[in-house]
Amino acid sequence: MDALRFCLNGTWVEEKSLSPTTTLLRYLRDKKGLTGTKEGCAEGDCGACTVAVAEARGGAAPRWRAVNSCLLLLPMVQGKQVVTVEALRGADGHHPAQEAMAKALGSQCGYCTPGIVMSLFEAVYRDDLDAPWKLDDQLCGNLCRCTGYRPIRSAAQAVAGTCPGDRFREGLAAPGPMALAYTAQGQRFVTPATFGALWDELDAHPDARFVVGGTDLSLEVTKRFAVPPKLVSLEALGELSALTETSSGVSLGATATIAEVEAFTATRLPPLHRMVRYFGARQIKHRGTVGGNLCTASPIGDLAPALIALGAVAVLKSRAGERRVSLDEFFLGYRKTALAPKELLAAIEVPSLGKDVKACSYKVSKRRELDISTVSAGFLVETAADGTVTRARLAYGGMAATPKRAAEAEAALVGQPWRQTSVEAAVKALAKDFQPLSDHRGSAGYRSLVAGNLLRGFFLETQGTPQPTLLPGHASTVQPSGAEGGAR
Amino acid sequence: MTATAPAQTPLHQPALHESGLKHTTGEARYVDDLPAPAGLLVGQVVVSPHARAKILRRDGAKARAVPGVHAVYFAEDVPGLNDVGPVVHDEPLFATSEVQFLGQSVALVVGESYEACRAGVKAVEVDYQPLPAILTIEAAESAGAWLSEPHVMERGDVALGLRSAALRFSGEVRTGAQDHFYLETQVTLALPEEGGSLRLLSSTQHPSEVQAIVAHVLHLGRHQVTVEVPRMGGGFGGKETQAAPFAAMAALAALKLQRPVKVWLNRDQDMVQTGKRHPFRCRFEAGFSPDGALLALDAFLVADGGFSTDLSKAILDRGMFHSDNAYFLPNVRLKGLVAKTNLPSNTAFRGFGGPQGMALIEDVMSRAAERLGLDPAKVRARNFYGPAPRNVTPYHQEVKDCRIERVWQELLASSDYAARRAAVDAFNRGSPWLKRGLAITPVKFGISFTTSFLNQAGAYVVLYADGTAQLNHGGTEMGQGLHTKMLAIAAHELGIAPERIRAMTTATDKVPNTSATAASSGSDLNGQAVKQACETLRQRLTPVAAQLLQVSEAEVTFAQGRVFSSARPEVAVPFEKVTQEAYLKQVSLSAAGYYRTPDISYDRAKGRGKPFHYFAYGAAVSEVELSGLTGEHRLRRVDILHDVGASLVPTIDLGQVEGGFIQGLGWLTCEEVLFDDKGFLRTHSPDTYKIPAFGDAPADFRVKLLEGAPQPDVIHGSKAVGEPPLMLALSAVAALRHAVGSFGRAGAEVELSMPCTPEAVLRAVERARAS
Ligand SMILES: Cc1cc2nc3c(=O)[nH]c(=O)nc-3n(C[C@H](O)[C@H](O)[C@H](O)COP(=O)(O)OP(=O)(O)OC[C@H]3O[C@@H](n4cnc5c(N)ncnc54)[C@H](O)[C@@H]3O)c2cc1C
Ligand code: FES
Ligand code: FES
């Protein structure tokens with residue numbers, strides 16, 4: 001049997017008897033006495049537990065990424081480097097992130113501070129912070145109840161992207177292998193390095209569950225105290241994370257992270273990029289994956305409506321081979337998918353949009369950042385030369401038990417001119433498509449109203465109205481496909 | 001922060017937070033970070049799954065048999081009084097015959113690990129017979145379920161005032177609950193000491209009360225219980241009374257088992273089991289003249305107290321004390337009651353009822369301006385307190401040294417209010433769906449505990465022969481920078497650098513019988529006590545120094561680490577030379593200090609008195625932008641001018657103003673506490689309960705402290721700052737009303753409820769569009 005093995009603050013550690021669903025946070029605090037890393041929520045929503053992890057992904061050189069240690073199960077850092085807040089200060093003094101925070105009075109009670117320092121730590125070494133929103137994105141995974149954030153923003157502005165050539169940049173050691181077959185305390189966690197090994201593992205343990213980022217699955221451990229007996233991670237199967245562009249469209253590997261998708265789609269697929277902008281926060285984007293988001297089949301997962309509208313196809317893979325299923329048909333019911341036992345989602349293919357297509361995606365939530373959608377939507381409308389709608393794909397999240405297309409509203413549009421009156425008829429038809437629920441995120445009435453208003457907003461902006469209808473800087477900003485530029 | 005020139009004294013100078021660097025390295029230790037003492041056990045609370053139920057049976061036998069479980073405690077196991085109510089004994093530590101909210105403690109399971117305890121909790125058998133529960137203020141009102149007697153404040157002739165008013169309208173204003181969401185949840189570590197004594201390390205704003213409650217629960221003298229607070233990861237009022245029950249549980253188990261025991265709540269437990277900011281339901285009738293002068297206000301305030309009294313009466317009182325905000329109400333009647341519901345007992349939260357009272361009057365002002373078609377800024381300003389006779393509050397305290405007019409005028413100018421309001425209106429005319437709003441609102445906040453005897457504090461300063469010092473005071477550090485301020489005061493008094501002084505953890509064996517660090521009073525009260533203790537030490541050192549320097553005692557000066565002659569500064573010795581000499585001369589080098597606020601009192605029965613030592617002032621201008629399609633909104637710019645007197649440490653005060661504003665913004669916009677119809681808290685973690693995040697802070701945030709405004713009779717001319725800035729966030733609500741109103745017709749009242757979530761805003765937009 002393999003041992004758990006990773007590099008913690010510069011020293012390789014090995015563990016053989018710990019439950020594989022021990023979180024990195026509990027390990028640091030309870031086993032290593034590294035109590036600088038805090039627990040504020042154990043669900044990825046506060047950032048107090050943020051640490052930095054270095055690994056090489058997609059053939060690129062290793063780099064630091066801020067992640068939530070409360071959601072990382074120990075096997076997920078197998079072979080990787082982990083740095084906690086305690087290791088930042090060296091013989092050469094405090095790290096620039098620490099100094100900047102103290103100087104700006106970026107801490108009051110200080111409980112959020114180690115996590116913020118670690119998010120800043122990643123920011124210090126980022127060379128792609130080319131738009132103001134990226135700094136917001138970098139820090140919105142860290143809640144602070146005391147400061148009101150202004151001083152933290154000042155600290156971030158002082159050090160982000162400075163890329164000092166220090167020991168953290170130089171010392172990015174070559175990572176060890178991620179592959180692992182680990183059993184302890186009656187629990188099994190396997191990270192196969194080849195598909196052959198994967199299929200063998202699944203044949204031997206047909207009841208094993210897939211996991212990749214763990215940003216959905218780990219919550220069962222940290223919130224419901226479940227003890228999943230058998231997990232199979234797809235993280236070491238490099239080809240599953242590929243992001244490629246061909247003349248016919250783009251393909252998103254199932255284990256590509258949201259952060260990778262965000263960077264990849266910025267110019268290649270803006271309508272999806274918009275949606276990803278307000279997906280969780282940086283820490284979540286570094287771990288959450290395309291496949292996890294779709295396979296967890298939540299009615300409020302953000303990728304589904306956008307991808308369905310764009311006509312995406314799911315590539316499913318098993319020992320028997322590959323098959324393709326339209327994403328429209330992938331969601332069978334509440335948290336139920338078309339995946340067969342021992343079958344995984346390998347990739348999502350998005351066809352090229354064509355030049356007469358207008359498409360965009362929207363997310364409306366109670367809080368702009370780090371929140372789950374109340375309503376989300378993806379729209380695609382194709383018009384003929386005379387302005388008649390030839391194709392309409394309107395997909396919504398948060399409106400039904402699954403992400404779902406609005407068939408009645410689509411029918412009301414197709415064959416009609418792309419005009420206000422047609423849009424109003426489609427909005428009316430939405431009432432036949434959806435009977436949403438009321439919950440803590442929003443009432444049924446609000447959801448219905450917003451669903452229609454998003455379509456109205458989409459229409460207005462495709463008309464190039466002089467004034468925006470939705471908040472600038474928001475994911476809801478309508479952007480016809482192919483348009484250039486960042487999310488602001 | 002690098003000061004431009006070396007200052008004579010750290011007082012009134014910018015400074016870093018005393019623990020700032022330690023926060024950034026992770027070495028700052030909180031209770032849960034302390035290394036586990038040998039034999040540590042942990043506790044998990046068994047809670048009620050019903051909002052109200054009769055308890056038919058409680059049995060811990062099976063739980064005690066769970067491997068790793070060491071004990072299960074019920075009410076019967078409490079050796080002293082089974083109660084943790086801070087004022088009224090109506091809050092059992094463990095429920096006996098009835099549970100009164102979902103989440104109420106019924107038993108404690110103690111074991112070797114949280115896993116063992118969780119298994120134990122599952123195995124504890126409690127049979128309940130559910131009873132009808134009261135879950136809303138309305139239901140409490142119709143059932144006549146109250147936790148208080150009516151409190152009435154009255155001045156002038158309300159009926160006459162209303163009759164004479166050209167504009168007379170009535171309405172309801174509701175404010176929501178708010179979870180404290182301190183990043184560090186409730187935690188206490190109890191350590192048994194010799195002879196049946198205990199030492200508690202607790203995250204509490206009120207160590208003396210934890211000590212008192214633990215003592216009576218365990219039937220011990222208070223001298224047997226020491227409570228120490230290393231630091232808190234945030235408090236905001238949520239650790240004023242609410243640390244006590246969990247501390248008492250840890251203490252009970254530690255005493256019985258004679259092993260260290262920690263009780264720590266995870267986030268969901270903390271949110272379900274502890275109380276929040278009181279929701280208020282206020283009904284009012286108001287009368288205004290056509291030009292916006294408020295002539296009369298008749299208001300009825302009901303606070304949702306939850307299941308027990310806790311501090312609810314004082315919180316309701318403060319709500320009423322602030323129903324005037326900065327406005328003179330010529331004819332006024334305020335009546336208040338605390339409702340009893342089957343919800344967690346609501347408790348102190350930054351502002352302590354004040355924000356709720358202010359939300360009422362600010363809404364009344366906005367509605368009047370909307371109905372009259374006037375600029376709300378003008379309506380507000382014309383109603384400010386002024387010279388006599390316009391200087392008397394509804395509770396008959398005179399408003400002296402009123403600074404609101406000055407703050408207002410300076411802020412109107414610096415924020416360019418008038419031009420920007422015109423620009424916003426012009427923008428709105430050309431923008432059908434995206435609208436902006438701009439508003440300015442004032443804050444006047446009364447400083448002092450309104451329970452007068454609480455206004456006292458102590459300090460204990462220790463000098464060592466080498467000239468270094470340890471500073472103890474009764475206040476607790478929860479991030480607000482109290483230690484930083486106290487260090488500045490002590491360093492100033494002793495004439496040494498703050499680095500030579502160590503702020504010690506707050507402990508009941510150093511400074512006894514303290515009040516909570518609350519009511520914004522921390523630096524006012526403790527600062528005076530620290531000053532007094534240091535003065536005593538200086539007086540004792542003066543003769544020693546005079547002899548050393550061969551000068552008269554009157555000439556002896558302490559500054560910048562030296563002791564010298566004021567007449568001939570070159571005649572000097574280092575401070576440590578004097579302390580060393582004092583030690584050799586057998587002079588005592590430690591001293592206690594004590595302070596109580598003079599001349600305050602309030603007669604609740606008569607609704608009259610002088611509950612406040614003074615008032616703090618401020619104003620804010622907020623500019624918002626919202627989408628009429630989704631109701632989403634954001635702050636474009638915020639300008640604040642706030643009065644902290646002569647700031648003790650301006651960088652710290654700035655942080656309090658900024659942080660308070662954003663916390664108020666959360667309460668008023670995105671934070672929504674929602675219970676289901678069984679009394680279960682649906683928003684029990686940050687997944688569903690949304691405090692402001694990074695991007696919710698305005699990109700353009702301009703905060704200034706009022707200059708040249710020392711406050712007489714307060715420590716070094718400063719003013720309290722903890723709570724008042726929270727209420728500056730009411731300007732965002734007023735600005736949202738402006739934006740929403742621009743969807744409708746002029747002269748129509750905007751119907752916007754708080755918290756102004758996107759849904760609430762969209763509802764208001766729809767109503768405005770229909771008007
Ligand atoms: C704080 C926080 C914020 C979040 N914010 C958002 C948000 O804004 N929008 C949003 O949509 N979601 C959000 N999520 C949910 C989550 O991050 C996403 O759904 C994420 O994409 C899941 O990916 P993962 O790799 O972490 O999934 P995992 O947790 O690893 O897996 C989730 C499920 O999918 C299955 N699975 C994973 N990959 C595959 C595969 N390739 N084939 C078959 N089955 C597979 C697993 O078996 C598991 O059942 C948030 C979560 C957290 C904790
Ligand atoms: S503990 Fe809150 S995000 Fe991990
Ligand atoms: S400093 Fe207290 S939570 Fe950020």
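Side chains included, hydrogens not; waters and symmetry mates left out as well; all remaining heavy atoms used. Within every chain, numbering begins at 1; the chains are lettered A, B, ... in the order of the sequence lines, protein sequences first and strands thereafter.
- Side-chain atoms of A/Tyr149 come within 3.5 Å of backbone atoms of B/Pro692 as a donor-acceptor pair (strictly under, hydrogens ignored).
- Rounding to the nearest 0.5 Å places CZ of A/Arg441 at 10.5 Å from CZ of B/Arg682.
- The parts of A/Leu143 that come within reach of chain B are both its backbone and its side chain, each placing non-hydrogen atoms under 4.5 angstrom from that chain.
- If you tally non-hydrogen atom pairs under 4.5 Å between each of A/Leu370, A/Ile152, A/Leu449 and chain B, the highest count goes to A/Leu449.
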### Task
Any chance you could lay out the side chain to side chain contact (heavy atoms under 4.5 Å, CB included) test for B/Tyr114 and A/Arg26, step after step, and finish with the verdict?
CA-CA 12 Å; B/Tyr114 289 109; A/Arg26 291 319 327 170; 5.7 Å; no
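- For A/Ala42, no part lies near chain B; criterion is any non-hydrogen pair under 4.5 Å.
- Side chain of B/Gln663 to main chain of A/Cys146: no donor-acceptor pair is present (N/O by atom type, distance under 3.5 Å, no hydrogens or angles).
- For a residue to count as touching a neighbouring chain, one of its non-hydrogen atoms must lie under 4.5 Å from one of that chain's; by this rule B/Tyr30 touches chain A with the side chain only.
- In this structure, chain B has no heavy atom under 4.5 Å from any part of A/Arg447.
- Proximity to chain B is limited to the side chain of A/Val117, based on heavy atoms less than 4.5 angstrom apart.
- Neither the backbone nor the side chain of A/Thr374 comes within less than 4.5 Å of any heavy atom in chain B.
- Taking chain B as the reference chain and counting heavy-atom pairs below 4.5 Å, the highest number among A/Gly106, A/Cys109, A/Gly141, A/Gly148 is found for A/Cys109.
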### Task
Report the C-alpha separation of A/Val375 and B/Thr630 in whole Å, then their side-chain angles, then the decisive distance to 0.1 Å, and conclude whether the side chain to side chain contact (heavy atoms under 4.5 Å, CB included) test is met.
CA-CA 10 Å; A/Val375 180; B/Thr630 63; over 6 Å; no
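- Residues B/Gly695 and A/Arg368 come closest through the heavy atom pair O-NH2, 3.5 Å.
- Looking only at heavy-atom pairs under 4.5 Å with chain B, the residue among A/Ala104, A/Ser443, A/Gly445 that has the most is A/Ser443.
- For B/Asp676, no part lies near chain A; criterion is any non-hydrogen pair under 4.5 Å.
- Contact of B/Phe236 with chain A is made through the side chain alone, with heavy-atom distances under 4.5 Å.
- Side-chain atoms of A/Glu43 do not come within 3.5 Å of backbone N or O of B/Ser685 as any donor-acceptor pair.
- Checked by atom type and distance alone, the side chain of A/Arg367 never pairs as donor or acceptor with a backbone atom of B/Lys690 at under 3.5 Å.
- With a 6.0 Å cutoff to the six-membered ring centre and a 45° limit on the axis angle, B/Arg118 counts as a cation-pi contact of A/Phe225.
- Considering only heavy-atom pairs separated by less than 4.5 Å from chain A, the leading option among B/Asp687, B/Asp270, B/Thr669, B/Asn266 is B/Asp687.
- Of all heavy-atom pairs spanning B/Thr24 and A/Ala102, the tightest one is CG2-N, 4.1 Å.
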### Query
Is there a side-chain hydrogen bond (donor to acceptor under 3.5 Å, both in side chains) between A/Ser107 and B/His23 once you walk through the steps?
CA-CA 7 Å; A/Ser107 69; B/His23 292 150; 2.8 Å; yes
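- Residue B/Ala28 touches chain A through its backbone alone, counting heavy-atom pairs closer than 4.5 Å.
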### Task
Tell me, with the steps shown, if B/Asp33 and A/Lys38 meet side chain to side chain contact (heavy atoms under 4.5 Å, CB included).
CA-CA 9 Å; B/Asp33 298 341; A/Lys38 311 293 185 213; 2.5 Å; yes
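- Contacts between B/Leu21 and chain A at a heavy-atom distance below 4.5 Å involve backbone atoms as well as side-chain atoms.
- B/Ile691 touches chain A through backbone and side chain together, each having a heavy atom under 4.5 Å away.
- Remark: B/Glu671 engages A/Arg145 in a salt bridge, criterion side-chain N to carboxylate O under 4.0 Å.
- Defined by atom type and a distance below 3.5 Å, a donor-acceptor pair is missing between the side-chain atoms of A/Gln98 and B/Thr25.
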